[in-house]
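A note on names: the letters A, B, ... follow the listed sequences, proteins ahead of strands, and every chain is numbered from 1.
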Protein chains: 2
Amino acid sequence: MPSPIRLLLIDDHAVMRAGLANMLNANPAFRVIAGADDGANGLALFREHRPDVTLLDVSMPGVSGIECLHLLRAEFPDARVLMLSSSDAEEDIVQALEAGACGYVTKTARPAELTAAIIAAHAGERVISPALERRLAERASGSTLTAREIEVLHLLRKGMTNPDIGRLLGISPRTAKAHVAAILEKLEATDRTEAVTRAFERGLLKV
Amino acid sequence: MPSPIRLLLIDDHAVMRAGLANMLNANPAFRVIAGADDGANGLALFREHRPDVTLLDVSMPGVSGIECLHLLRAEFPDARVLMLSSSDAEEDIVQALEAGACGYVTKTARPAELTAAIIAAHAGERVISPALERRLAERASGSTLTAREIEVLHLLRKGMTNPDIGRLLGISPRTAKAHVAAILEKLEATDRTEAVTRAFERGLLKV
DNA sequence: GCGGTCATTGGCCAACTGGCCAATGGCGGA
DNA sequence: TCCGCCATTGGCCAGTTGGCCAATGACCGC
């Protein structure tokens, strides 16, 4: 038998880490060599252990999963990272794949799917669960917010008025209004309140 | 040694269930006797196995964790249920405890905390992790929305105007406005958009 | 270099918003 | 029974909103 695939787990849920470690170590094909509860630690442990595959949780306090992925890939372009997520927000998925993740598995996946995904990731393949592909397709039909619009969106959620936004961004209230209008259209919302709701639903905004 | 505590796991995350089962079964004090991925199945399995302690995930599709808890306690008032959650939204916690949960553990808790909580729950004690108690204290200072206000909140998130809300609820736009005003004050928001954001943050609204 | 996207700004207007005042009827707990 | 909370509604007003029209300069990829 070939030597086991060496795994690094990065997830702020200690219970999940312990559970995953137990489960994966029970399979001789894998060996969990380290676990981190945060992106920064994860990065440090990666440098130290150079795992074959890293399982990275998307949502973490501090350095988020996506940020961590960016940092990791910047430093180790051939790192094999499999994103693990409890959310199926399209935004996360798209960002993860764009940032070079080898795959994206939701925690609702059956254990066998996870092990299969790990093996595939180790082999350098890209794996995405079927349910996620459907979501990606949806995405294609939807529009993407520009950086500026995202910025405005974050002010919107705080209840800022167009004049407020203008002041904060150093632009005219008119322009703020134009951005808001663009946001409304792209998110298919009738007003800023619904826009914020939809942004939460799409994962553009996080709780 | 006493006989192991018989556990039922209800969590829509199969990976988490498998991981937890592996981890807990490794401890002779516990025995995981069944796992469900959904409230309805969980209830059925409870009837069948009558576990000593049930670990119940808060957020699940279909019958939510809180609903499941209600149903479970209605049928088996002395069921020992430990809520397990990835969210630390105060609303969930409060609702869970009010619905009769023996405890509330977030998935970021260390495994030892979880096992301690299970043992405590089995003994009929109530356990809440320290971090959560702090949140509950916060809650005390905050105000609670009335049923009507919650109803209005759900319309607000959809981007409805006061006239819209009035029409839908069969009341005057003035009254809708009064409810919105009450919501704004209670959520400490300056406008409906911020109110929706805060509602998401507090767990009053779910994605 | 040209066309496309993006950020920027202007005017006009009907509608909606949130704040402030005040009042009534119902229902449940002390 | 009385108090307090809740749902209900009204008027008034300055401020904000979103829709519609149109325009400019910057930057990017083909």
To the nearest angstrom, the CG-C1' distance between B:D191 and C:dC16 comes to 13 Å
Pick base, sugar-phosphate or nothing for A:T175, based on heavy-atom distances below 4.0 Å to the nucleic acid.
base
Go nucleotide by nucleotide along DNA chain D from the 5' end; which of B:A147 and B:K177 gets its closest nucleotide reached first?
B:A147
I'd like the 5' and 3' limits of the part of DNA chain D contacted by chain B, with heavy-atom contacts below 4.0 Å.
D:dC6 to D:dC12
Have a look at A:S172 and say if it touches a base, only the backbone sugar-phosphate, or nothing, with a 4.0 Å heavy-atom cut-off.
sugar-phosphate
Give a yes or no on this: more than 12 heavy atoms of other residues, nucleotides or ligands lie within 6.0 Å of atom CD of B:E185.
no
Under 4.0 Å between a side-chain nitrogen and a carboxylate oxygen: does that hold for B:K206 and B:D92?
yes
Whole angstroms only, please: what is the CG-P distance between B:L155 and C:dT17?
13 Å
Any carboxylate oxygen within less than 4.0 angstrom of a Lys/Arg side-chain nitrogen, looking at B:K107 and A:D11?
no
Residues two or more places apart in sequence or in another chain: which of them pass salt bridge (Lys or Arg N to Asp or Glu O under 4.0 Å) with A:E67?
none
In whole angstroms, the gap separating P of C:dG18 from CG of B:L187 amounts to 13 Å
Does A:R148, at its CZ atom, have more than 12 non-hydrogen atoms belonging to other residues, nucleotides or ligands within less than 6.0 Å?
yes
Give one of base, sugar-phosphate or nothing for B:P163, where a contact means two heavy atoms less than 4.0 Å apart.
sugar-phosphate
More than 12 non-hydrogen atoms from neighbouring residues, nucleotides or ligands closer than 6.0 Å to CZ on A:R73, yes or no?
yes
Round to a whole Å and report the spacing from CD1 of B:I183 to C1' of C:dG19.
16 Å
Can any side-chain N or O of A:R202 pair as donor or acceptor with the backbone N or O of A:L187 at less than 3.5 Å?
no
Across the strands shown, which category fits A:R174 at heavy-atom distances under 4.0 angstrom: base, sugar-phosphate, nothing?
base
Grab the CD-C1' distance between B:E185 and C:dG18 for me, whole Å please.
13 Å
Categorize B:A178 for me: base, sugar-phosphate, or nothing, with a 4.0 angstrom heavy-atom threshold over every strand shown.
base
